[in-house]
Amino acid sequence: MTEVLQHIPEVFTAKDLVTDQEVRWCPGCGDYSILKQVQTVMPNLGYKKEEIVFVSGIGCSSRFPYYMDTFGMHSIHGRATAIATGLKTSRPELNVWIVTGDGDALSIGGNHFIHLLRRNLDVNLLLFNNQIYGLTKGQYSPTSVEGQVTKSTPFGSLDHPFNPLALAMGADASFVARSMDRDPKHLQQMIERTAKFKGTSLLEIYQNCNVFNDGAFFTYTDKETKAGEALFVENGKPLIYGEGNNKGIRLNNTTPEIVDLTTGEFSTTDLWVHDEKDYLKSTLLTRFFDSPDLENHFPRPFGVLYAKERPCYEDAVHAQIAYAKEGKEADLDSIIRGRQTWVVK
Amino acid sequence: MTEVLQHIPEVFTAKDLVTDQEVRWCPGCGDYSILKQVQTVMPNLGYKKEEIVFVSGIGCSSRFPYYMDTFGMHSIHGRATAIATGLKTSRPELNVWIVTGDGDALSIGGNHFIHLLRRNLDVNLLLFNNQIYGLTKGQYSPTSVEGQVTKSTPFGSLDHPFNPLALAMGADASFVARSMDRDPKHLQQMIERTAKFKGTSLLEIYQNCNVFNDGAFFTYTDKETKAGEALFVENGKPLIYGEGNNKGIRLNNTTPEIVDLTTGEFSTTDLWVHDEKDYLKSTLLTRFFDSPDLENHFPRPFGVLYAKERPCYEDAVHAQIAYAKEGKEADLDSIIRGRQTWVVK
Amino acid sequence: MTIETKRLNDVVIRFAGDSGDGIQLIGTEFTNATALLQNDLGTFPDFPAEIRAPAGTLAGVSGYQIHFGSHEIHTPGDDCDTLVVMNAAGLKKNVEFLKKGGIIIANEDGFDNKNLRLANIDENDNPLKNGSLDGFSVFTAPITKLTREGIKDFGLGTKETDRSRNMFVLGLISWLYNRPLESSIDFINKKFSKDRTIAEANIKALHIGYSFGETAEMFAERYEILAAPMKPGHYRGITGNQAASLGLVAASQKAGLQLFYGTYPITPASDILHELARHKNFGVITFQAEDEIAAISSTIGASYGGSLGVTASSGPGIDLKSEAMGLAIMLELPLVVINVQRAGPSTGMPTKTEQSDLLLAYFGRHGEAPMPIVAANSPADCFDTIYEACKIAVEFMTPIFFLSDAYLANGAEPWRFPEAKDLDSITPQYAKVDGTATQKYQPYLRDNRLVRQWALPGIKGLENRIGGLEKEDITGNISYDSKNHEKMVRIRAQKVENIAQSLPDLSFDAGAESGKLLILGWGSTYGTIKTACQELKKEGIEVSHAHLRWLNPFPKNLAKILSSFDKVLIPENNTGQLQLLIKGKYMVDAVGLNKIQGQPFTVSEISNKVKELLA
Amino acid sequence: MTIETKRLNDVVIRFAGDSGDGIQLIGTEFTNATALLQNDLGTFPDFPAEIRAPAGTLAGVSGYQIHFGSHEIHTPGDDCDTLVVMNAAGLKKNVEFLKKGGIIIANEDGFDNKNLRLANIDENDNPLKNGSLDGFSVFTAPITKLTREGIKDFGLGTKETDRSRNMFVLGLISWLYNRPLESSIDFINKKFSKDRTIAEANIKALHIGYSFGETAEMFAERYEILAAPMKPGHYRGITGNQAASLGLVAASQKAGLQLFYGTYPITPASDILHELARHKNFGVITFQAEDEIAAISSTIGASYGGSLGVTASSGPGIDLKSEAMGLAIMLELPLVVINVQRAGPSTGMPTKTEQSDLLLAYFGRHGEAPMPIVAANSPADCFDTIYEACKIAVEFMTPIFFLSDAYLANGAEPWRFPEAKDLDSITPQYAKVDGTATQKYQPYLRDNRLVRQWALPGIKGLENRIGGLEKEDITGNISYDSKNHEKMVRIRAQKVENIAQSLPDLSFDAGAESGKLLILGWGSTYGTIKTACQELKKEGIEVSHAHLRWLNPFPKNLAKILSSFDKVLIPENNTGQLQLLIKGKYMVDAVGLNKIQGQPFTVSEISNKVKELLA
Ligand SMILES: Cc1ncc(C[n+]2csc(CCOP(=O)(O)OP(=O)(O)O)c2C)c(N)n1
Ligand SMILES: Cc1ncc(C[n+]2csc(CCOP(=O)(O)OP(=O)(O)O)c2C)c(N)n1
Ligand code: SF4
Ligand code: SF4
Ligand SMILES: [Mg+2]
Ligand SMILES: [Mg+2]
């Protein structure tokens, strides 16, 4: 098992990650960009190609593993999180990635999603959020906005959508971040942060489904509106956004307020300084979830909203096993024998 | 269907709610008190007995419906929330209660739990939290404390437990409250608030399983420790607790602090005043979840932590149906006929 | 050159091209026009895999086959007479389905170097040029260019312009087979009602396609297919999923019940959700749940509350519903479980057809948990069969399985639709309060068919508790009594058996009531078996055909029928599931004909097997 | 009065009392002492419903039956010779199981007015006094009072004191049947190692119970049962769930694999989790998942990573695992699925036994999804059978079903345990990197048994992607090709069939290889059928008995065996599930004997049926 294939290079490049399978997303789909950025970042993370495993559920997004020349499993709908939990628990040395969609993770897979976050295994969770069921051709998802007209809601959807990052915080996530398919640089940075964080790192990626939900995130990705609607947060930096960085956010006790930085009334020193490790403020940030149609709405935050390490489940499992092994020799005959035996001659 | 059984009284009393089934909980189980308080409060809520439905999953707690002489369904493990969703959506006029346990609601039923909260149907959700699987004889549950020794964790449990109310807040709950089996008066008040709130009202009840997890909540329920460990919150009132109300909690920007009210340095006017409708502060309250063994730990809050109404799913469903009915006559022949027909003679 | 019009008895046309080419639309509209001409017909849309492949590749090919004629048609046809292809990939993937000497109509612009490459064809090996199609009549035209040229005045972008190509093709083929354009024009007007320019451009493309046939001097003959002698009545075209949807609305209306449809999207069942969601004016509640477990659970909740509860899925989703089906069996509430079968196991081939969930329907729940099972045998039959399923569910207070499959769900045929007033009545078995009763209500008291009653919440005096634990006979109280358990297991089984008493005997679709060979079918093999029997008869071979709508319970007279034949052949799109049941239950050594290819049987596969057995 | 010691060949004793009375403990400890005396034995714990009823009520009665003797014992016995009851409810519920003339030992303090009332007995109708027990030898004693009196010096509270009553009873009955107290004393010392006072008090109670027998002048005789002539070897007592747990640890050790046990608690499977969780020093990972779906999914993840993946549940939980089993079938990874069957459907009777999930194991997944199935036939046999299941799973790269039931899981018997070194080897089918390979790794390349290889993540050169979509032969790439699908469906089925080649022929447990009547059994009916055959033989009635460990595939020689008998009888605790398969697959008109009462067969039920069939 330690033999080595000669023709595979020791260090790999993004190109080595490309498989021989045709990529089967619709032309123009945001998934292409995500694939590209993952392939770009992956060689720099310090893992060997053969240590990397991508596990996905079912959905357009979940096709992802077929296009990564690592180990991979395209499993069943909603269960990638649970499968990855078993894999990582039993093989903690592997570098495990989960690729999932808004339906896969938050609808059918909602339970495993929150339990994964609670247990905090050291895996990376890429949530491709396109606010629609792509693969089944366009029904609304648990992240679709209220009133959205889809195949299954011809009169508009009635469900109040999840705020995925807020849900994750409620489930005691240790790392939550958000990025978008159409900002390759930011996405790369976020993928890297996601990979390097020890614990379950959730990266929500706004992904355009140009066939069934085109433009769902254009407000945040389009040149004209991006500056005023997307708030890029960085640890230790004040919350600034807007055309020419003309706006900031300050905290009035527990109430966030948008302030104008051009009038002279407020300067950057008055602003809320992002602290990735402050659970409460991060929760507040995840709650910036206004519809951009609302008057005086808050911008949508992108970046690492929360990151605070805590013990990982698989480490505790193996520590307990190590402890048990120290305490008691693993003698198979002895447990087969048990407490009381007798001999028949 | 409108005939009336003569011997059933128009107005009912707690006694009318008792069924002919033997109550089969262990002697001393906290479930008895909860049953008692529910039966006590129920006649005052303004519902007819026959309009009330109790739906439960599986677990000791889920035996509840057998002991309430209303309509009831003892269903399958984890699905009471989903069953109630269908019932309430189709019959909005019914008064629907869900009875569930920490395993039933948060382990196998976690997904339906968060989706119910998100959709916000007008149902009442009583979560009997005993931090153990009672019915299956004592395995740890998703609310068991770390390190807990149970049948399935002889060396101590490794899972980081859920904070049920924080999870609910993350899922956009509109009402979260906490009470305990051993404070009948408070429990009655909370049941009443739960019942009267329009929307999914989650009441977590700390319930002692004296067989498999005896004393899990004694810190909060025992005379000696209760005052110093349980923080009873009321809307519009400052956060005060402790022997002789000697302690309070104030907010220093977003950071809560415990203050001593006996030194003269702080008075009740300095304290955090509970506002049920303030999402952020309520979130913060649900995060008072320290182990009582921790030094300088915060007390555990009881009462209505958050309550803010928002539209209910079933109302939206029926509004949409009403709207569709207005727009278009329901002519069965016309839809059978469809767009294009022809006649063969 | 004069163009002759040749009269044909029947024709099979297959359209193929990229998923982006609008092939399904050509197919559907050609079908509509054909239906209006009163031909009998059958269709078979053959989708690509569930996700879109890059345009032009083999994986992206979408197909649609229609079989129509001046006599009864029961299948979409085996091989086709005419193959219409939009690109090289479409040709490559479908030419195997073309009869010897058949017609190929090809968009020559779809065979440029790029398209050849995408179809994995060497640039120097263009099939339109390399002689490989010599056995066929090949007609090529630069359809893309002709369309661009023809509608350039509308000023549409290239993307929009090229989207109209399919209308050119529809026009051309309508000309070739003498179909009028009216219904297609109507359709275009409706579809693009918000953009007149696009509507007009499409209509123009339709017309130039039509004229192209007339003027291009390519075709020496046109074809005409007379109306089929069909039973008098009002007709429409319908797919299986549409028919099932309408059947549900109809049943709920006739039963006076609110329809609650709890589901989670999955191919090929989702279209029922899409259809029902449009009928909110009938008070229909469509609930898209968080998963299949919530879908069926919410539906059980609604059934408990007095709705007609219906839940639907396919393969993987049906697995997930099994635990809750067990609950419904214990609760004895009406519940219709729709399984639009697809090729398994696991994710399998989601868009392909298969009949491999029969034994799952029978046995896919722990414990002794029998459920009635019905299966539809044609797209239009989905209406009748699901209507019957609803009636039995409501009148026998039972969950019931309705089996369809991808082939029925997406296939279309003419439907002689009924009038609402002529539909069977459906009578809910409501519990009533007895004004003089001194006893409390007994939820598990039964009538002589063993059916208990529906006690709706809200009715005073009916308060009761039910659940999934074994219950005492009559009272419904929890019981761990050994003898009671056996009694209840037998009662639940007998209740399902009793349904057979209310069903008509199984009758023959072809052949005599006894003889050498019986073909026993179920589900979507119906049309193919029927056609095979007709063709065999023409050849002088007489076989009998009986087709099961009821799989559980089996018809009362099935044993007698089975014993009246020397041999029994059971064709199934699985490895022999009905066959096992027939052998096991009737000790009849039935022979299986099994095809597990995600494709329906062809007529010749059936008739060849018959000949082999009779040889 | 001298007390005579009478020698008996075998005895059946039943203990009954409230769940709080420690009945299971009396039973287990009496069993241990009996095992050490080298009697052969069988036990049957009969728990109350899953939840605790108020003390003293009928619903709260807990029972434990032990059958032991100086000859081979294969069942816990039908009716009992001696009934020991702690209270009125215990008597009322169990007196029907006492043989005519049998012994009753009753705690008279458990028949006071309160206890009578709780047992729904009229206060004036105390069965100990109303003559209703006249046909039995009744011995009563105020056990509660005697215990209180006897250990009052230890200063325990009433609750603690009364808890020692069971030790009094154990002492008394040990005296009556001449069992030494050593093992019980050992047990007490261990159990209460942290509280010497309680330990001493219990030991005292044990002794006074023993002495009470000696001195009370109640009993005219004591009984002695000699050691049974058993195969030489080392023995211990074991329950089915313990044996299964040890079998798993053993298999993982012999295979050199980490054991990953992913599960969710459920009666009666949970004890395997409890047992395995204690063996972390073997590197065993027990993962208590959030639900059964996560349980099996996480296990598949672990199997993928190279662990011996095992998941377990019962009825409702097995339903929930079905979708993921389909995935495991597609992935062709080793996976053991344990189903400790209980009485269904739905929640049913969770603590009661049944064999009603055989067809679920066969067909409970959508699509064509065959899985091998084995069933254990006795508590100790759970070890061998699950060991074999692990071996086949690993060596054939397949998910496999292991069927047990509540009766086996909780029942105990002596086990002649093996030495680790003598256990069969288990050889994982690892994929290796071929140093000279220029081709990439082909995940669905197979050996001649059709088995693919296990490609562990972490090994350079084996990178590959697998999933639930239909896969191309050899490469494992996604494929929608029709012919490929049929091929793969048949390969997956053939791989399961091929297992039969590596299995020994089915042999006979009794009788000749041909004849008038074969009893074909499976699972937990083994001991009862075997005993019935022995008893029939004594009566001069010769029948043959063959017992299936392998349900899928069936043994190679099964067809031949079946055809060698005039009649085949299949006794099952279900409505005839194996019977259907045997009829359907072999066209043998087997007769069923079916009992669906949550209780195992009695010997006489089997032998009466045999006599009926031979009459
Ligand atoms: C058990 C099960 N239920 C339903 C489906 C059908 N299905 C496949 S993907 C999908 C949802 C896809 O949405 P999402 O997860 O958002 O992924 P996307 O396609 O948008 O990337 C559904 C419902 C399935 N494959 N399995
Ligand atoms: C599908 C399924 N899985 C498992 C079980 C077994 N089971 C019954 S109740 C229960 C957990 C009970 O714990 P909780 O919900 O906390 O209720 P409690 O008994 O503590 O009130 C489990 C695992 C079941 N009945 N069904
Ligand atoms: S349907 Fe949407 S998400 Fe799926 S591949 Fe196409 S564009 Fe992407
Ligand atoms: S096991 Fe625990 S929760 Fe269950 S009835 Fe007994 S005390 Fe109550
Ligand atoms: Mg999506
Ligand atoms: Mg609990």
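Within every chain, numbering begins at 1; the chains are lettered A, B, ... in the order of the sequence lines, protein sequences first and strands thereafter.
- Heavy-atom pairs under 4.5 Å with chain B were tallied for N252(A), D159(A), L106(A); the largest tally goes to D159(A).
- If you measure heavy-atom distances from F155(A) to chain B, the contacts under 4.5 Å come from both the backbone and the side chain.
- Using a distance-only test at 3.5 Å, with no hydrogens or angles considered, no donor-acceptor pair links the side chain of S282(B) to the main chain of Y279(B).
- Under the side chain to side chain contact (heavy atoms under 4.5 Å, CB included) criterion, E276(B) pairs with R193(B), N235(B), H274(B), V304(B), A307(B), not counting sequence neighbours.
- Interface with chain A: from residues 113-123 of chain B, residues I114(B), H115(B), R118(B), R119(B) qualify, criterion being any non-hydrogen pair under 4.5 Å.
- There is no contact between P311(A) and chain B, counting heavy-atom distances below 4.5 Å.
- Formation of a donor-acceptor pair under 3.5 Å by the T100(A) side chain with backbone atoms of A105(A) is found in this model.
- Dense packing is recorded around NZ of K198(B), with more than 12 heavy atoms of other residues, nucleotides or ligands lying under 6.0 Å away.
- Residues of residues 285-295 of chain B having a heavy atom under 4.5 Å from any heavy atom of chain A, listed by number: R287(B).
- When each of A166(B), P164(B), A319(B) is checked for heavy-atom pairs under 4.5 Å with chain A, A166(B) comes out on top.
- Contacts between T283(A) and chain B at a heavy-atom distance below 4.5 Å involve the side chain alone, from C-beta outward.
- With a 4.5 angstrom heavy-atom cutoff, I108(A) touches chain B only via backbone atoms.
- Note that CG of L202(B) is 9.5 Å distant from CZ of R178(B), once rounded to the nearest 0.5 Å.
- The candidate with the highest count of non-hydrogen atom pairs below 4.5 Å against chain A, out of N253(B), L165(B), D172(B), N163(B), is D172(B).
- S144(A) places a side-chain N or O within 3.5 Å of a backbone atom of Q131(A) that can act as its donor or acceptor partner.
- The backbone N or O of S141(A) lies less than 3.5 Å from no partner atom in the side chain of Q148(A), so there is not a single donor-acceptor pair.
- At distances below 3.5 Å, not a single donor-acceptor pair connects side-chain atoms of H112(A) with backbone N or O atoms of R79(A).
- Of the listed residues (L167(B), V317(B), T255(B)), the greatest number of heavy-atom pairs within a distance under 4.5 Å of chain A belongs to L167(B).
- Annotation for N124(A) and S201(A): closest pair OD1-OG, 3.0 Å, computed over non-hydrogen atoms.
- Side-chain N or O atoms of S107(A) include none that pairs as donor or acceptor with a backbone N or O of D104(A) at under 3.5 Å.
- The structure places SG of C312(B) at 8.0 Å from NZ of K88(B), a figure rounded to the nearest 0.5 Å.
- Taking the ring-ring contact (aromatic ring centres under 6.0 Å, His included) definition, one finds that Y133(B) meets it with Y264(D), sequence neighbours left out.
- Using a distance-only test at 3.5 Å, with no hydrogens or angles considered, no donor-acceptor pair links the side chain of H318(A) to the main chain of R91(A).
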